[in-house]
Amino acid sequence: MSKLSFAYYPGCSLESSAKEYDVSTRKVADILKVELIEIPDWSCCGASPAHTVDHLFASAVAARNLAIVEEMGRDTLVTPCPECLSAFKKAIYNMSKDDGFKKKVNSLLDKPFNLNVEAKSFLQILYEDVGKENISKKVIKPLIGVNIVPYYGCLLTRPPDVAQFDDPENPISMDTILETIGANVPYFSYKLECCGAAYGVTKRRIVTKLSGDILKTAIESGADAVAVACPLCQQNLDLRQDQINRDQGFDFHIPILYITQLMGLSFGLSASELMIDKHNVKSDHFLEKIEKGLKEKEKSEKESISSKN
Amino acid sequence: MAEEKKEAKIVGFLCNWCSYGGADTAGVSRFKQPTDLRIIRVPCSGRVDPLFVVKALESGADGVLVSGCHPRDCHYSEGNFYARRRLEVLKRFLPFMGIDPNRFEYTWVSASEGQRWQQVVTKFTEQIHNLGPAPKREEKSDR
Amino acid sequence: MRIGVFICHCGSNIAGTVDVKKVAEEAKRFPHVVYSTDYMYTCSEPGQLEIQEAIKKEKLDGVVVASCSPRMHENTFRRTVEKAGLNRYMFEMANIREHVSWVGVDKEANTKKAIDLVRMAVAKVTLNQPLFPKSFKVNKNVLVIGGGVAGMQAALDCADGGLKVILVEKNPSIGGKMAKLDKTFPTIDCSICILGPKMVDVGQHENIKLYTYSEIEEISGYVGNYEVKIRKKATYVDWTKCTGCGLCMEKCPSKKAFDPFNEGIAPTTAINIPFPQAIPKKAKIDPNYCRQFIKGKCGVCAKICPVQAIDYEMQDEIVTEKVGAIIVATGYSLFDHTKIKEYGAGKYLDVITSIQYERLLNASGPTSGHILRPSDNKEPKTIVFVACVGSRDKSLGVPYCSNFCCMYIAKQAILTKDHIPDSQSYVFYMDIRAPGKGYEEFVRRAQEEYGVKYIRGRVSRIFKRGDKMVVRGSDTLLGTQVELEADLVVLATGAIAEEGARELAEKLRISYDPYGFYIESHPKLRPVETNTAGVFLAGACQGPKDIPASVGQGSAAASKVLSLFSKDLLESDPQIAHVNEMLCVDCKKCIQTCPYGAIEEKKTPMGKIVASVIETVCQGCGLCTATCPPGAIQLQQFTDNQLLAEVKAFFHA
Amino acid sequence: MALINLTTSTDENFVNQVETLSGQKISECYQCGKCTAGCPFSFAFDYPVSQIMRLIQIGQKEIVLNSKAIWLCATCEACTTRCPCQIDVANVMDICRIIARKENKVKEKDVKLFYDIFLESVKKHGRIFEIEILMKYNLKSGKLLTDADLGPKILPKGKLNFFPVNIKGKDSVEKIFTRFVEGIKNNE
Ligand SMILES: Cc1cc2nc3c(=O)[nH]c(=O)nc-3n(C[C@H](O)[C@H](O)[C@H](O)COP(=O)(O)OP(=O)(O)OC[C@H]3O[C@@H](n4cnc5c(N)ncnc54)[C@H](O)[C@@H]3O)c2cc1C
Ligand SMILES: Cc1cc2nc3c(=O)[nH]c(=O)nc-3n(C[C@H](O)[C@H](O)[C@H](O)COP(=O)(O)OP(=O)(O)OC[C@H]3O[C@@H](n4cnc5c(N)ncnc54)[C@H](O)[C@@H]3O)c2cc1C
Ligand code: SF4
Ligand code: SF4
Ligand code: SF4
Ligand code: SF4
Ligand code: SF4
Ligand code: SF4
Ligand code: SF4
Ligand code: SF4
């Protein structure tokens with residue numbers, strides 16, 4: 001595999017409330033020899049507020065960053081955040097579909113964006129460019145004995161025309177990675193149901209209902225933890241888990257971990273290196289279960305070796 | 001209002017089985033089209049002698065359209081393959097005769113594709129309007 | 001020449017957007033035109049009489065009618081002029097309805113266009129020549145392709161009418177989809193009970209020659225004289241010996257073979273007779289599952305067969321038959337629901353298709369007619385039917401309605417209640433399409449008497465919760481989201497074109513629509529004819545249709561063949577190529593080009609070698625004409641001169 | 001629902017406006033309800049999304065622009081992904097929101113307020129400043145205690161920045177805002 005190298009867009013959340021995601025992404029990338037070069041002086045992608053104002057405006061806010069990537073001489077922008085990804089992909093999609101639109105967007109910008117950059121999620125890089133063979137080579141502490149359900153959220157694969165990644169109704173990229181790092185992945189029917197998105201602040205009840213349904217289904221599936229790839233999903237499911245319990249009358253304590261954190265664990269990084277301790281819901285029990293699983297595996301391997309001799 | 005757009009002179013050679021039927025279907029479905037085109041019915045697009053196209057363009061046509069059955073769907077099994085081969089050669093040859101190859105188009109429309117026919121006519125007519133009237137040529141054959 | 005021009009109003013269809021009077025006036029000034037008029041409905045009896053009178057009074061020797069498409073009325077008017085003593089080819093039509101009045105809104109531009117088209121038609125008719133058809137003998141055998149209910153009906157009607165029928169069916173048994181069904185709407189009679197006797201009749205009729213497990217390899221010729229090559233696929237059992245005793249099936253150790261008849265819900269043996277009522281009732285080996293073929297050892301069936309019918313070395317065989325007409329009755333296929341990811345893409349065992357459900361309901365099916373759901377063989381209590389799965393769905397490329405699923409859903413829901421009295425069925429639907437006789441009443445009965453709950457809304461997603469299937473849909477009448485926990489979900493998968501339909505159409509030289517269904521000559525007036533003379537359509541191959549309609553079309557196609565064959569001689573179309581022997585330089589280009597091998601060389605009385613057209617073989621495509629360097633071979637009625645005259649008439653007004 | 005007088009209240013211009021801005025043909029919707037069936041927010045909408053589509057079809061501008069639904073839609077794209085008629089439904093919802101915003105008809109004031117504060121932050125710093133956004137929202141919405149319970153959970157983790165990150169090219173971001181506003185003014 002030739003060395004992979006991309007322009008990296010962390011996004012606003014990954015700078016603050018979702019620092020864990022940024023840190024674990026960079027560490028995992030490092031181990032997998034994926035070079036991530038942070039886009040100099042990147043600005044906010046505009047997220048969902050921008051497109052409620054105007055699509056031209058929203059595309060321009062996103063495209064400022066794409067133009068910088070062009071200037072860097074790179075052809076791919078990689079971001080871990082699906083919300084940012086969606087903003088970039090839609091800008092590229094709309095601009096390439098309609099030349100007039102493209103011109104208008106560029107008239108709002110200091111430096112024009114000439115459509116020479118595509119946007120990908122870091123998950124897509126892991127799944128398609130790095131591949132499960134290369135991931136499995138780095139696994140030294142497989143996550144034996146734990147059930148993890150992957151929660152994709154809305155925007156990673158939808159709408160399919162724009163996202164162009166994985167299956168829009170039954171995505172398997174995270175499933176595959178989780179299996180590759182040794183976890184057991186039970187059937188999970190809420191992979192794609194919306195968590196309530198950005199309405200946490202303004203419409204808390206909506207979020208605690210939707211996120212509550214997701215947690216409930218995850219637990220019914222026998223999950224010990226939920227894997228996520230989105231800072232907003234993480235926030236809704238983890239930070240707001242107590243609000244969910246209060247509003248919905250549940251008593252859930254299920255860790256919500258970034259897929260990159262789980263990979264990092266399997267690559268032998270410590271929980272604190274991966275900032276797992278920075279989450280709201282404690283992962284201690286989950287981590288213990290992994291250790292136990294590992295020990296049991298070692299024991300049974302030893303036994304089988306000695307019985308062979 | 002701006003002045004009326006002058007009609008272009010466009011000839012269409014349509015095979016009886018597919019495209020002529022497609023144009024009928026468009027009619028039956030009332031799919032509105034520009035009025036510039038005059039259709040000449042031929043049994044098969046393979047009947048269209050490239051010379052017809054040249055003669056039409058030389059004697060004053062602004063555009064010529066040939067439309068036949070989709071590949072593999074020819075009523076005469078392979079007529080449209082012949083047509084395609086000949087007309088592709090023609091298209092490459094037109095510039096040497098001083099004719100803009102964009103004045104000639106070859107396409108496929110089946111009998112059920114009324115909507116497609118509407119699009120083909122609309123697009124081609126637009127294309128010819130954009131090119132403007134064909135430059136006057138010295139007429140050799142007539143007179 | 002004396003030419004008459006007749007401009008039709010078609011009520012307001014033409015006159016509404018074309019100034020027909022002006023067109024008629026203008027036409028008077030065209031060369032050779034001596035008479036021009038307009039009329040309200042030219043194709044009506046008085047309209048035709050007016051043409052005939054004008055021919056006589058004005059001594060016309062050429063007629064142009066400007067009206068609808070020649071595909072609609074060319075033959076009508078040809079007969080009209082013929083009755084007045086004119087040769088039928090001294091006639092031309094200008095299409096000012098489909099190509100003018102219906103597609104343009106600007107009356108002035110339309111009128112100008114109509115005038116141009118009439119001028120072009122006049123220019124052409126001036127160069128027309130009287131043509132005279134030749135007669136040729138007809139082979140009165142008929143080929144029926146497809147042995148579903150439509151094809152069987154067509155075959156029986158033809159055979160009863162005294163024709164020899166060759167019936168080709170690609171499966172090992174005839175019967176088509178109907179043989180798989182349990183009961184049929186709207187009368188709920190047992191499908192195989194009414195179909196079985198018909199199948200036996202087909203099998204035993206002295207005028208029907210049956211080729212099952214066979215496919216069309218090649219078709220050549222033309223109406224009255226087709227030659228058909230049929231591939232008899234190897235069954236590895238000598239059917240002249242096999243008695244259908246079924247011993248081999250009992251002993252065959254390979255018991256996991258895919259069973260297409262049961263739609264894969266239960267396996268079968270590698271050697272099998274597809275179902276008890278099969279016609280012919282003969283065994284066949286599926287080499288994909290037979291151990292003799294896979295591992296090279298077994299041979300149990302060969303040992304056990306009392307009549308030594310097994311032949312592992314059997315090869316496909318090609319036979320040739322000659323027929324005069326062909327009825328295509330190849331039916332339909334069902335939409336592949338594994339393409340619909342939000343419904344589980346076929347991964348959930350308890351989400352099945354409607355045709356699989358027919359097999360579950362069927363007393364001779366794998367569950368002996370007990371409804372047991374596939375995952376755990378338990379009897380389901382809550383059954384959800386989903387309508388329009390792979391129908392009326394642009395995103396899946398199937399925007400059309402499949403015609404019969406609304407009805408069979410009602411039927412299956414009623415049967416469900418009969419089988420499991422304490423069950424509850426739900427139907428998610430968009431519209432209920434039940435326009436046949438007794439159909440609406442049938443659907444009402446399902447709701448009123450059988451308590452089937454109909455929910456107006458589409459299903460968005462199906463997923464598993466415990467051992468239930470959760471169906472999430474909407475009730476648009478309420479304006480809300482709804483969810484049901486079902487034991488079994490039945491998807492009413494839509495009808496799509498039979499696989500291989502397009503390839504067969506290409507062999508037959510008939511057309512198909514964008515979805516692969518065959519196109520009839522005219523949707524209202526020639527519903528079972530195709531544009532290829534001598535080829536007729538019956539049943540669902542033309543578009544989804546239920547059994548009554550399929551059978552009706554089978555009979556209609558048969559009667560078309562019977563009337564075609566009522567004459568011993570057919571007339572050939574004289575619009576064929578003709579060689580000017582003076583001009584021909586024997587370059588042979590035309591001979592190489594003709595797709596029908598209709599051109600040969602001959603020696604003229606002067607000893608010159610020239611090309612010569614075999615009149616009965618030429619189909620009139622004109623490929624040769626466009627190929628001939630000196631312009632010696634001309635397609636009559638479409639000669640270079642005629643077409644160029646049209647072109648010129650447009651530019652030199 | 002109250003009586004709708006179709007003669008007086010049908011606004012064809014609204015239908016055209018939505019169609020032009022969204023690039024979607026509204027008449028293609030055949031009211032199957034699949035969008036509503038899959039919409040996670042159906043339970044919170046006043047009109048489910050398929051009814052919004054219907055209301056647009058019959059030109060009911062006032063009802064659509066004054067609905068809560070258009071503000072509660074989270075652009076999750078479930079409807080767009082599954083619509084059998086290939087309509088970009090989420091885009092239509094977005095366009096309705098944009099029109100409502102332009103016409104100052106905002107049923108869900110808080111949602112709009114939050115969006116506005118968010119964008120203000122982008123305009124000011126080039127990136128968002130989470131703490132500032134939350135505080136401003138609490139002040140302006142009058143809901144002072146929004147997410148107050150989360151403070152103790154997140155603040156000690158030391159992830160949140162207490163000072164905004166001001167990017168170097170923040171004026172180039174600001175210019176996007178100003179040019180956009182100018183563009184609108186020039187068009188009017
Ligand atoms: C679940 C279900 C339930 C239904 N229930 C009812 C009902 O209750 N009442 C009702 O009226 N209708 C019902 N129908 C509809 C019914 O199945 C059709 O109307 C009927 O089968 C059409 O008959 P057909 O002969 O045109 O086609 P088919 O039954 O499809 O027969 C076509 C035949 O042609 C053969 N064939 C195909 N291609 C070739 C080829 N290239 N060469 C040779 N042979 C070929 C096929 O093998 C097949 O035997 C139901 C359909 C379904 C799916
Ligand atoms: C408003 C309307 C619009 C329609 N539009 C369409 C359309 O767009 N497309 C379409 O496909 N269908 C359409 N139809 C349906 C269409 O009219 C019928 O399908 C068609 O007319 C049926 O033809 P028929 O020959 O069976 O019956 P009819 O047209 O009713 O002909 C029966 C004939 O028999 C005669 N008759 C009756 N009793 C006797 C007797 N005892 N002795 C002698 N003669 C008798 C009658 O006088 C009549 O001339 C429409 C129907 C209506 C009402
Ligand atoms: S001839 Fe054609 S156009 Fe005239 S009335 Fe008859 S159908 Fe109509
Ligand atoms: S192959 Fe032999 S054993 Fe099998 S059914 Fe035929 S006759 Fe019986
Ligand atoms: S040879 Fe094949 S078909 Fe015959 S019994 Fe053995 S497995 Fe079955
Ligand atoms: S018949 Fe009914 S279920 Fe079938 S496609 Fe048409 S409307 Fe849908
Ligand atoms: S027109 Fe010419 S090429 Fe066509 S079938 Fe007749 S002889 Fe052959
Ligand atoms: S192509 Fe023309 S010249 Fe050549 S053999 Fe045929 S008819 Fe004669
Ligand atoms: S899914 Fe599409 S067609 Fe169906 S109601 Fe919604 S917008 Fe209309
Ligand atoms: S995009 Fe909006 S309307 Fe569509 S499903 Fe999601 S929340 Fe509902």
Side-chain angles (χ1 to χ4, degrees), chain A residues 12-13 15-20 41-44 46-57 60-61 64 86 98 104 107-111 153-155 157-160 162 168-169 192-194 196-206 209-210 239-240 242-243 275 277-280, chain D residues 21 40-41 43-44 71-72 74-78 80-82 88 90-91 94-95 97-98 101 108 110-116 118-119 121-122 125-128 130-131 133-134 137 141 146-147 149-150 153-154 157-161 165 167-170 172-173 175-177 179-180 183-184:
Chain A
C12 304
S13 329
E15 265 199 329
S16 70
S17 57
K19 247 181 205 145
E20 316 86 299
D41 210 40
W42 55 269
S43 52
C44 173
S48 50
H51 63 75
T52 70
V53 172
D54 188 279
H55 289 176
L56 207 65
F57 169 72
V61 173
R64 178 186 175 273
S86 174
D98 178 353
K104 282 189 208 154
S107 75
L108 298 183
L109 293 173
D110 280 353
K111 284 177 217 136
C154 311
L155 294 178
T157 60
R158 288 197 307 225
V162 179
E169 295 293 350
L192 288 166
E193 295 292 299
C194 182
Y199 291 117
V201 178
T202 51
K203 298 280 164 198
R204 196 186 79 195
R205 284 274 170 178
I206 294 181
K209 158 93 178 71
L210 294 175
L239 187 61
R240 296 187 186 276
D242 301 317
Q243 291 180 342
M275 295 176 77
D277 50 351
K278 299 284 181 191
H279 292 328
N280 175 36
Chain D
L21 290 175
F41 291 78
F43 77 97
W71 288 100
L72 296 183
T75 320
C76 76
E77 310 278 6
T80 296
T81 304
R82 294 189 192 137
D88 189 347
N91 192 7
D94 216 15
I95 292 300
R97 218 166 9 222
I98 290 172
R101 186 187 267 277
E108 290 290 340
D110 293 351
V111 174
K112 176 175 177 286
L113 177 66
F114 180 73
Y115 289 164
D116 290 346
F118 184 102
L119 291 173
S121 184
V122 178
H125 311 293
R127 292 184 195 165
I128 59 167
E130 283 180 333
I131 291 186
I133 290 176
L134 193 62
Y137 174 77
S141 66
T146 304
D147 283 342
D149 55 333
L150 298 185
K153 292 186 203 311
I154 191 163
K157 312 269 188 204
K159 295 190 294 186
L160 289 190
N161 294 325
V165 180
I167 69 166
K168 277 189 256 139
K170 72 177 182 184
S172 72
V173 174
K175 271 194 248 163
I176 298 175
F177 285 73
R179 283 182 194 137
F180 172 67
I184 292 176

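Chain letters run A, B, ... following the sequence lines, proteins first, then strands; residues in each count from 1.
Contact check on D:Arg101 versus A:Asp54 returns no salt bridge, with no Lys/Arg side-chain nitrogen under 4.0 Å from an Asp/Glu carboxylate oxygen.
Only the side chain of D:Ala44 comes within contact range of chain A, with at least one heavy atom under 4.5 Å from a heavy atom of that chain. For A:Lys209, the part sitting under 4.5 Å from any heavy atom of chain D is the side chain, from C-beta outward, and nothing else. Residue D:Leu134 touches chain A through its side chain alone, counting heavy-atom pairs closer than 4.5 Å. Interface residue A:Glu169: only side-chain heavy atoms are found under 4.5 Å from chain D. Both the backbone and the side chain of D:Val111 come within less than 4.5 Å of a heavy atom in chain A. For A:Ile206, the parts sitting under 4.5 Å from any heavy atom of chain D are the backbone and the side chain alike. Looking at A:Lys278, the atoms closer than 4.5 Å to chain D (heavy atoms on both sides) sit in the backbone and in the side chain alike. For D:Thr80, the part lying under 4.5 angstrom from a heavy atom of chain A is the side chain only. Both the backbone and the side chain of A:Leu109 have a heavy atom closer than 4.5 Å to some heavy atom of chain D. If you measure heavy-atom distances from A:Ser13 to chain D, the contacts under 4.5 Å come from both the backbone and the side chain. For chain A, the nearby parts of D:Phe177 are the backbone and the side chain; heavy atoms of each come within less than 4.5 Å.
The two residues A:Leu210 and D:Pro40 come nearest to each other via the heavy atoms CD2-O, 3.4 Å. Nearest heavy-atom pair across D:Thr75 and A:Leu155 is O-CD2, 3.6 Å. Nearest approach of A:Pro159 to D:Thr81, heavy atoms of both residues: CA-OG1, 3.7 Å.
Under the 3.5 Å distance criterion, with hydrogens and angles disregarded, no donor-acceptor pair is assigned to the side chains of A:Ser43 and D:Arg127.
Taking the salt bridge (Lys or Arg N to Asp or Glu O under 4.0 Å) definition, one finds that A:Asp98 meets it with nothing, sequence neighbours left out. With sequence neighbours excluded, the residues satisfying side-chain contact (heavy atoms from CB on, under 4.5 Å) with A:Pro49 are A:Ala47, D:Tyr115, D:Phe118, D:Leu119.
For the options A:Cys194, A:Ser17, A:Cys12, heavy-atom pairs under 4.5 Å to chain D are most numerous at A:Ser17. When each of D:Leu113, D:Val165, D:Leu21 is checked for heavy-atom pairs under 4.5 Å with chain A, D:Val165 comes out on top. Across D:Lys170, D:His125, D:Glu108, the residue that shares the most heavy-atom pairs under 4.5 angstrom with chain A is D:Glu108. Interface check for chain D: of the options A:Glu193, A:Lys111, A:Glu20, the most heavy-atom pairs under 4.5 Å are formed by A:Glu20. Taking D:Ile131, D:Leu72, D:Ile98, D:Val122 one by one and counting their heavy-atom pairs under 4.5 Å with chain A, the maximum is reached by D:Ile98. Highest contact tally toward chain D, considering only A:Arg204, A:Gln243, A:Arg205, A:Lys104, is held by A:Gln243 [criterion: heavy-atom pairs under 4.5 Å]. Chosen from D:Thr146, D:Asp94, D:Asp110, the residue pairing most often with chain A at heavy-atom distances under 4.5 Å is D:Asp94.
Note: A:Tyr199 and D:Phe114 fail the aromatic proximity criterion, with ring centroids not under 6.0 Å apart.
Once rounded to the nearest 0.5 Å, the distance linking OG of A:Ser16 with CD of D:Glu130 reads 3.0 Å. To the nearest 0.5 Å, atoms CG (D:Asp147) and OG1 (A:Thr202) are separated by 10.0 Å. Here the straight-line distance linking atom CG of D:Asp116 with atom OG1 of A:Thr52 works out to 7.5 Å at 0.5 Å rounding. Note that the CG atom of A:Leu108 and the CD1 atom of D:Ile176 stand 7.0 Å from one another [nearest 0.5 Å]. The NE2 atom of A:His51 sits 6.5 Å away from the CZ atom of D:Arg97 when rounded to the nearest 0.5 Å.
When atom types are taken as modelled, the side chain of A:Asp41 and the backbone of D:Lys168 share a donor-acceptor pair closer than 3.5 angstrom.
The shortest distance between side-chain heavy atoms of A:Trp42 and D:Ile167 does not fall below 4.5 Å.
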| message | Working note: D:Ser172 + A:Arg64, criterion side chain to side chain donor-acceptor pair (under 3.5 Å); need CA distance, chi angles, decisive distance, verdict. | response | CA-CA 9 Å; D:Ser172 72; A:Arg64 178 186 175 273; 2.7 Å; yes
| said: Run D:Arg82 and A:Arg158 through side chain to side chain contact (heavy atoms under 4.5 Å, CB included) and show every step you take. | reply: CA-CA 10 Å; D:Arg82 294 189 192 137; A:Arg158 288 197 307 225; 4.0 Å; yes
| Should D:Asn91 and A:His55 be marked as a side chain to side chain contact (heavy atoms under 4.5 Å, CB included) after you check the CA-CA gap, both sets of side-chain angles, and the distance that decides it? | CA-CA 10 Å; D:Asn91 192 7; A:His55 289 176; 2.8 Å; yes
| task | Output, in order, the C-alpha distance, side-chain angles, deciding distance and verdict of side chain to side chain contact (heavy atoms under 4.5 Å, CB included) for D:Arg179 and A:Asp110. | result | CA-CA 10 Å; D:Arg179 283 182 194 137; A:Asp110 280 353; 2.6 Å; yes
